[in-house]
Amino acid sequence: MEQLSVTRAFEGDLHRYKHSSSSTSTNMVFAIYLPPQAKNHPVPVVYWLSGLTCTDENFTQKAGAFKMAAQLGLAIVCPDTSPRGLDLPGEHDSYDFGSGAGFYVDATSSPWSDHYRMYSYVVDELPTLIEGSFPVSGKKAISGHSMGGHGALVIYLRNPGAYTSVSAFAPVVHPTAVPWGQKAFQRYLGDDKSLWDSYDATLLVQQAEISDPILIDQGSSDSFLEEQLQPDHFKTACARANVPLTLNLRAGYDHSYYFISSFIDSHLEFHAHKLID
Ligand SMILES: N[C@@H](CCC(=O)N[C@@H](CSC=O)C(=O)NCC(=O)O)C(=O)O
């Protein structure tokens, strides 16, 4: 791993690293915020998955999360949203597919399948690297925004017991039914719709046995609400499966990091409740 920077915040430190990834066969950059408590004992981790067009830096620079993370003693890990440094056909043509838009799936269609393996990267490779390199405990939670909210929900639902809790801001909850998801899944996963279904939180939650609540915040003035997000689909599926869901509809908030920064403290407190005994 190559350290790119280290920056003090609230008596903790924000580190950025570059490393060679076996999942994506590219270099990957991630950020980790270590709270001051990490100087004395291993701390639990919240993994944050960002949305379309983001790198690790959107969250670290705009979410305003580090004061509360320092107070609670939580590390926060922010991966990138796709492999970088490639030039695959069409990879950089649109904001909702390719670079900055890995959708946290393991692509099966060529040429994406050689590199776009963000599910394996986030679920397996990155936690192994983090737990082997930093003063963190094995306890982890997961959260994210929009495309990253989709990733957080899917990863939590597909890996029972691996994460103590999940939360999301304005997540894409039903990607097989909305344009962002359909475009990405068609190109990353091809025609096998059962594979699409295995990355759809609204479908996955119907088979889940979960007693811990899932937390979602959604802005009522989000311009993507009707076409891409549709949280009611997830709400209905949770109700059918008896999965407890707290879905907060926040009046007047949009899709931006102003919205995330307004409620990130409550999400960190939600995770800390499960992560810290
Ligand atoms: N029209 C925008 C669309 C991109 C956008 O809104 N990205 C969101 C996530 S959307 C779902 O995954 C985002 O987090 N942007 C970064 C930010 O710092 O706000 C565009 O083309 O930029």
Side-chain angles (χ1 to χ4, degrees), residues 14 16 29-31 33 46-66 76-84 90-105 107 112 116 118-119 121-122 142-156 166-189 196 199-202 215-234 247 249-250 252-264 267:
L14 175 65
R16 292 186 83 217
V29 171
F30 69 86
Y33 176 72
V46 176
Y47 285 81
W48 172 267
L49 305 184
S50 286
L52 296 166
T53 72
C54 291
T55 67
D56 60 295
E57 291 193 294
N58 296 72
F59 182 85
T60 61
Q61 295 177 358
K62 294 181 172 182
F66 299 141
I76 303 179
V77 171
C78 305
D80 203 347
T81 56
S82 76
R84 306 282 176 178
E91 187 183 13
H92 312 304
D93 290 354
S94 53
Y95 80 92
D96 55 2
F97 180 78
S99 51
F103 268 86
Y104 306 100
V105 301
W112 314 102
Y116 276 69
M118 291 299 292
Y119 180 85
Y121 179 69
V122 171
I142 192 159
S143 184
H145 173 224
S146 197
M147 173 184 74
H150 140 74
L153 291 169
V154 165
I155 286 170
Y156 177 79
V166 65
S167 74
F169 290 83
V172 181
V173 295
H174 199 2
T176 62
V178 300
W180 275 346
Q182 289 166 345
K183 176 178 176 178
F185 286 9
Q186 181 67 55
R187 295 179 73 180
Y188 290 136
L189 305 174
W196 294 32
Y199 289 107
D200 186 307
T202 293
L215 173 62
I216 293 179
D217 273 83
Q218 172 64 59
S220 71
S221 299
D222 186 326
S223 59
F224 298 117
L225 180 57
E226 298 303 327
E227 190 183 15
Q228 307 285 3
L229 306 176
Q230 303 183 0
D232 283 348
H233 289 209
F234 192 67
L247 173 57
L249 192 63
R250 303 294 191 181
Y253 286 89
D254 66 13
H255 198 65
S256 71
Y257 268 85
Y258 293 109
F259 163 55
I260 294 170
S261 64
S262 299
F263 298 103
I264 190 66
H267 282 237

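Counting starts at 1 for both ligands and their atoms, following the listed order.
- Contacts of Thr81 classified as side-chain contact (heavy atoms from CB on, under 4.5 Å), with partners at least two apart in sequence or in another chain: Ser50, Cys54, Arg84, Tyr104, Met147.
- Residues passing the side-chain hydrogen bond (donor to acceptor under 3.5 Å, both in side chains) test with Lys62, sequence neighbours excluded: none.
- Residues Tyr119 and Phe103 fail the side-chain proximity criterion, which asks for heavy atoms closer than 4.5 Å.
- No option in Trp112, Tyr116, Tyr121 other than Tyr116 meets the side-chain contact (heavy atoms from CB on, under 4.5 Å) test with Pro83.
- Geometric assessment of Arg250 against the ring of Phe263 yields a positive cation-pi assignment under the 6.0 Å and 45° thresholds.
- Annotation: ring-ring contact (aromatic ring centres under 6.0 Å, His included) contacts of Phe30 (sequence neighbours excluded): Tyr17, His19.
- Closer than 4.0 angstrom to ligand 1 lie heavy atoms from Gly51, Leu52, Thr53, Cys54, Asn58, Lys62, Tyr95, His145, Ser146, Met147, Trp180, Phe224, His255, Tyr257.
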